[in-house]
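Only one structure is covered here, and it is reproduced in the block below.
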Amino acid sequence: MANDVQDEYLDSVLEVQEVIVVENRKKEIIPAQSLSGEALQGLNSQSVADALRFFSGVQIKDFGGIGGIKTVNIRSMGTHHIGVFYDGVQLGNAQNGQIDLGRYSLDNIEEIQLYNGQKSNIFQGAKDFGSSGTIYIRTKRPRWADGETSRVIAQFKTGSFGLVNPQLVWERQLNRHLSLSASAEYVQSDGKYKFRYRRLNLDNTVAYDTTATRQNGDIEALRAEASLFGFTSTGRWNAKGYFYNSERGIPGAIVNNVFRNGERQWDRNVFAQGSWENIFSQRYQMKVNAKYAYDYLHFLRDDPKELYIDNIYHQQEAYLSVVNLTRITPWWDASLSADFQWNKLNSNMTNFVYPRRFTEMVALATTLRGYGVDAQASILGTFLQDRVGNNTNHKRNTTHRDELTPALFVSWQPMRNVDWHLNAFTKKAFRMPTFNDLYYTEVGNKYLEPEYTYQYSLSNVWRKAFSKSLIKSVSLQADAYFNKVTNKIVAYPSGQQFRWTMLNLGEVEILGLELSADASAKVADVEMALRLNYTYQKARDFTDPSDAYYGDQIPYIPLHSGSVAARMSWAGWDLNYSFIYTGERYNAQENIPANYEQPWYTHDASLFKNFKLRGVGCRVGLEVNNIFDQDYEVILNYPMPGRNFKMTFKVNI
Amino acid sequence: MRLGLGFKIVMLGSLVICMTGCREDIYIQQSTSTEVGEPRFTGVDGFYLLNEGNMGSNKSTLDYFDETTGTYIKNIYAERNPSVVKELGDVGNDLEIYGSKLYAVINCSHKVEVMRATDATRISKIDIPNCRYAIGHGGYVYVSSYVSPTTDNPKAPRGAVYKVDTLSLSVVGRVEVGYQPEEMAVSNGKLYVANSGGYRAPNYDRTVSVIDINNFVVVRDIDVAINLHRVKRDKHGMIYVTSRGDNAEVGSRLFVIDPLIDVVVKEIDSPVSDMWIHGDSAYVYSAAINELTGKTAISYSIINLQTHSVVDDAIIKDGTDVNIKMPHGIAVHPITGDIYITDARNYVSSGRIHCYSPKGVLLWSQKTGEIPAHFAFKYQN
C-alpha cells in the first residue's frame, strides 16, 4: 500500500475514532479558513504573511520589502493574541511576543489554516486552547505514488529587488512506515526599490514630488529543515529540525531629511520538535509534543548620527505537552492536556535582569455531538511563574500569575441533507506581558497585568457541490462578531525622551462582519476558481471618555477591507489574479486629518506553465505584483514597493 | 448564465469600492485658525509653539498664536513651505527666535530649520546630527548635539556644541563637551552646557561644560548631579541647572551656579522638568515617573530666584490643573505675565495649550499638534 494511501487511511482511522456521529468527517466543531495546494501556490505571495491577506478578518502590518517585518492581527485584537503553530507546535517569542510571518516562505508550505478563537478539536495540547486566534502552518509532507521512493524538487526564483532565491527539497521513502523530507532555501535581496512622495497644493499644482530608492532593506537568509514522518499500526509520529540564519538591514522610517537608516539585525533560530500519537483502544488515544528552541538576535546601530547600540539576546524555550482523549460514549468525548514550558532570556544589556518564565497549562475539554448539534466546552488553567535576577546584579524575585480561561463552541446543522451550519463561539483569553514589556532595561514595567480578550462570534456557512453543472462548488460564509480587549498593554513615553514605559491602558471594542464566497467551475477543459472576502471592522477605543480619541477607530484598522483571488487552469497553464483592498485608516489613536491614511489596493497576476521535459516535471512562471504601480504605505513612513516582478523555475525529479 | 452574473457582481463590487474608497491625491496639510480672545497690543506679536511629534512619525508641527488678532493658528509650517519634502520633520526638540530668524531644532531629522521670524517661511536648513537645543548669542547660534564626530570612542560618543554663523547660516565651529548634552545658557562670556549622559544609565554624566565663548573652547567641567537637562539664566546672570535624577532612587533637583566663580552655590530640593524665568520668579512644572512605584508624580511651583525658595506650590489656582494629563512645556508672557502650559496628553495624540492669567485662572485652551513643548515669543518689529 502506498504511503499516502496509508496516511489517508490513518487520518480516517483517527477521524472515524473522533467523529462517529457526523457523516462529513469534520474534525473541528467550527472549521478553519484555509488555503492549500494550487490555490496557495498560485497566489502572488512570497511569505505566509502575504497569503494570510486573503483571509477574512486579518490585517497585516507590513513594513515593506522582502526583509521587512510582517505581523498579523486577527479581528483587531492585536498581534500578541495570535498563536502561530508550525507543524503542530507553537512558535514562541517570549521576548517581544511577535512572530514575523514574513520569514516563513510559502514554498514548502502545504496548508495554512486560520481559526478564530481556537481550533475546536479537543485532541490538542493545552497551548492550542490559549490564544485568541490561531494560525496553523503545515509544511509539505511526502506523499508517494506506487513505486515511488524518492523525489527531488529544485526551484529557483529571481526578479525585482535583486532577488536570488534557490530552494532544494529532497524526499525519500525509507521504508513503508517511514519517510524523510529535507529542504533548504536561500534568499538574497538588495531590498532596493523606488518609492515616491507627492503632495499637491490646494490649487492642484504640485507642492513636491520626490522619488528615491529604499536603502538598507537588504536581506540574506538561509533556512534548512529536515523532518521524519513515521507510521505505526495504531499511530504516527514525526520529528523535525529547523535552522534559520539571517542578516538584514532595517530600512527605518522615511522622514524629513532622513532617507536612509543604518540599523542591522542578525537572527539565528534553531529548533527541534517531535510529535507522537497513538490509538490505544476504541476508548483512549494519546498525543505527546515536545520542542526545544534557541533564538539569537543581534541588533546593531552603528550610524555616526545616532548613539551606538550593540545588543545581543539569547532566548531559549523548552516545551512538553501530553494530551489524553477518551471516548466516553459514541457521542461524548473528553480530553485532558497538560503542558509545561520554560523560557529564558539573556542579554548583554547593562542592568539586565535575566528573566525566566515557567508556564504550566492544563486544559480540560469535552465534545458532545447529536441531533445535528456539535458542541465543545473547554477550560484552560495557566499557571505562570516569572523569575528575575541573578545573585550578582539583582535580587532574585519570583512573581506568580494564575488564570482560568473558558471557551464554548457550538455548531448546528438544521437540515440533515443540506451542508448549512450555524456556528457560534465565545471565548475568554489573555496574553501575558512579554519579557520586553516587563523587564526591558528602563522601558519595562514589572507592574503590568495581562491583557484580556472576550470574543462572541456567530457564523453561517453554506456549501454545495454540483456534479452536472458548469459550476462545481459554491460556498458562502457570513460571520458577525463582537470582541472586547481590556487592560490593553500600550507603549507610553514616560516624559523623557529616552524613556518609554509600558502601561495597561486601553479598552477596545470591536464589531465585525465578514463575508466570504468561494466558487469553482469547469467550462470545457478550463478549470476556474474564485475566492472573495470582505471584512468590516469597527474597532473603537473606549479607554477614557476625557481623551480626544474616545470612540475613535484604533490605529491601522480599516473599516473596510477585502480581497479577490481568481484562478484559471488549462492544459498545464495556470493563470492567477488577485486584488487586495485596504480601506482608509488612521495611523494614530486620534481620527483627525493629520493621522489619515489613504486606502491602498494592489492588483497582482501570475502565469505558470507546467510541462514535462524528458519525463521531468517542470514549472515556469512569471509574477507581476502591484501591476498599476501604486505608491502606498501600510505603516506610516514605510513606503511599499511599486510594480515588481518575479520569475520561477522549478523541476521535479 | 450564472458565470456572467458572478462577473457582473465582481464588476459592480469594484465600481462601488472605487466610488467610495479610492486613493486620491494627497494635499499639503492646511492650518486651522481659532479665535481664542480679544486682540491685544503689548509689544509682543505672539508666539510660535513647536510640537515635537512622536519619533518616527515625522509629525513635528509648528503652531502660532497671533496676539494682535487673538487667533490661535495650528500647523502653519507645511502650508507656508509647501515645497519642503516631508514637511518640518521628525521630533522637534527646541525653538528659538534670534534676530530676525526662527530656528527649529529637529532632532531625528538631524537638522536645524531656519525660518523668517515674521512668517515661518524657510530661509535654509543646517544639517547637524542628533541636534538637541539652540541658543543665540553675539551673532551666532549654538546648537548642542548628542554626537561629536571627533569623539575618541564612537561606540560611546561624547556630544558637541556646534557654532552657526547667523549670516552665512553655516557651521563655523564645533567643540566637544560631555555625554548627551542638552540645554545651554550664556552668562559672563561663557556658554554653560548641561551634559545628561542619559543613554549611559546608570553611568550618567554629572557635569556642566563651561565654554569660553570667544575662544570657543571648554575651560572647565562643573560637577553638579546626574542626568542634567535644563539650563536657564536669570536677569542677574545666575545659571540654573536641572537634574532629571534616575527616575528611581535619585529625584529631580534644581542647582544654582554662580558664573563669577563657576561653582554650584545652591541646591534647591524641588523637582523640575522644565521652567521659565520671568523677572525674579521661576515657573516650574515637574512630571516624572518613579520606576520603583510605577507612578507618575505631577507638580507645579513658583520659585523665588532671590531667596531660592519655593514661594508657591501651585501655578494654576482655579482647579483646572486636573485637566492636564502630562505637562510638557511652560512659558510666561514677557509683558502681561500670562502663563502658558502645554499638555502632551498621552504623547501620541493632539496636545493642548492652556493660557492662565498671572493669578492662575484659566483664560483659554486650544488643541495643538502632537507633544506641544517649545515656545518662542515674537516681539513687535
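In what follows, every heavy atom counts, from backbone to side chain, and hydrogens, waters and symmetry copies are set aside. Chain identifiers are assigned alphabetically (A, B, ...) following the order of the sequence lines, protein sequences preceding nucleic acid strands; residue numbering begins at 1 within each chain.
With a threshold of 4.5 angstrom between heavy atoms, Y632(A) approaches chain B through its backbone and through its side chain. Heavy atoms of P599(A) lying under 4.5 Å from chain B belong to its backbone as well as its side chain. Contact annotation for E87(B): both backbone and side-chain heavy atoms come within less than 4.5 Å of a heavy atom of chain A. V85(B) touches chain A through backbone and side chain together, each having a heavy atom under 4.5 Å away. At a 4.5 Å heavy-atom cutoff, D552(A) makes no contact with chain B through either its backbone or its side chain. For E52(B), no part lies under 4.5 angstrom from a heavy atom of chain A. At a 4.5 Å heavy-atom cutoff, the contact between L88(B) and chain A is made by backbone atoms alone. Residue contact with chain B, scored on non-hydrogen atoms closer than 4.5 Å, involves the side chain of I592(A) exclusively. Interface remark: A253(A) contributes side-chain atoms only to the contact with chain B (heavy atom separation under 4.5 Å). Heavy atoms of S145(B) lying under 4.5 Å from chain A are absent altogether. With a 4.5 angstrom heavy-atom cutoff, D302(A) does not touch chain B via any of its atoms. Interface remark: Y586(A) contributes no atoms to any contact with chain B (heavy atom separation under 4.5 Å). Proximity to chain A (any heavy atom under 4.5 Å) is shown, for V91(B), by neither the backbone nor the side chain. Neither the backbone nor the side chain of P149(B) comes within contact range of chain A; no heavy atoms are under 4.5 Å apart.
Considering every non-hydrogen atom in both A588(A) and V348(B), the closest pair reads CB-O, 4.0 Å. Closest of all the heavy-atom pairs between Y601(A) and R23(B) is OH-N, 2.9 Å. Shortest non-hydrogen contact noted between R345(B) and D547(A) is NH2-OD1, 4.2 Å. Considering all non-hydrogen atoms of both residues, S83(B) and Y208(A) come closest at O-CB, 3.9 Å. For K305(A) against N130(B), the heavy-atom pair with the smallest separation is O-ND2, 3.0 Å.
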Next on the checklist: Pair N256(A), E113(B) - check side-chain hydrogen bond (donor to acceptor under 3.5 Å, both in side chains), show working.
Outcome noted: CA-CA 11 Å; N256(A) 168 274; E113(B) 181 78 17; 5.7 Å; no
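Checked by atom type and distance alone, the side chain of Q598(A) never pairs as donor or acceptor with a backbone atom of I26(B) at under 3.5 Å.
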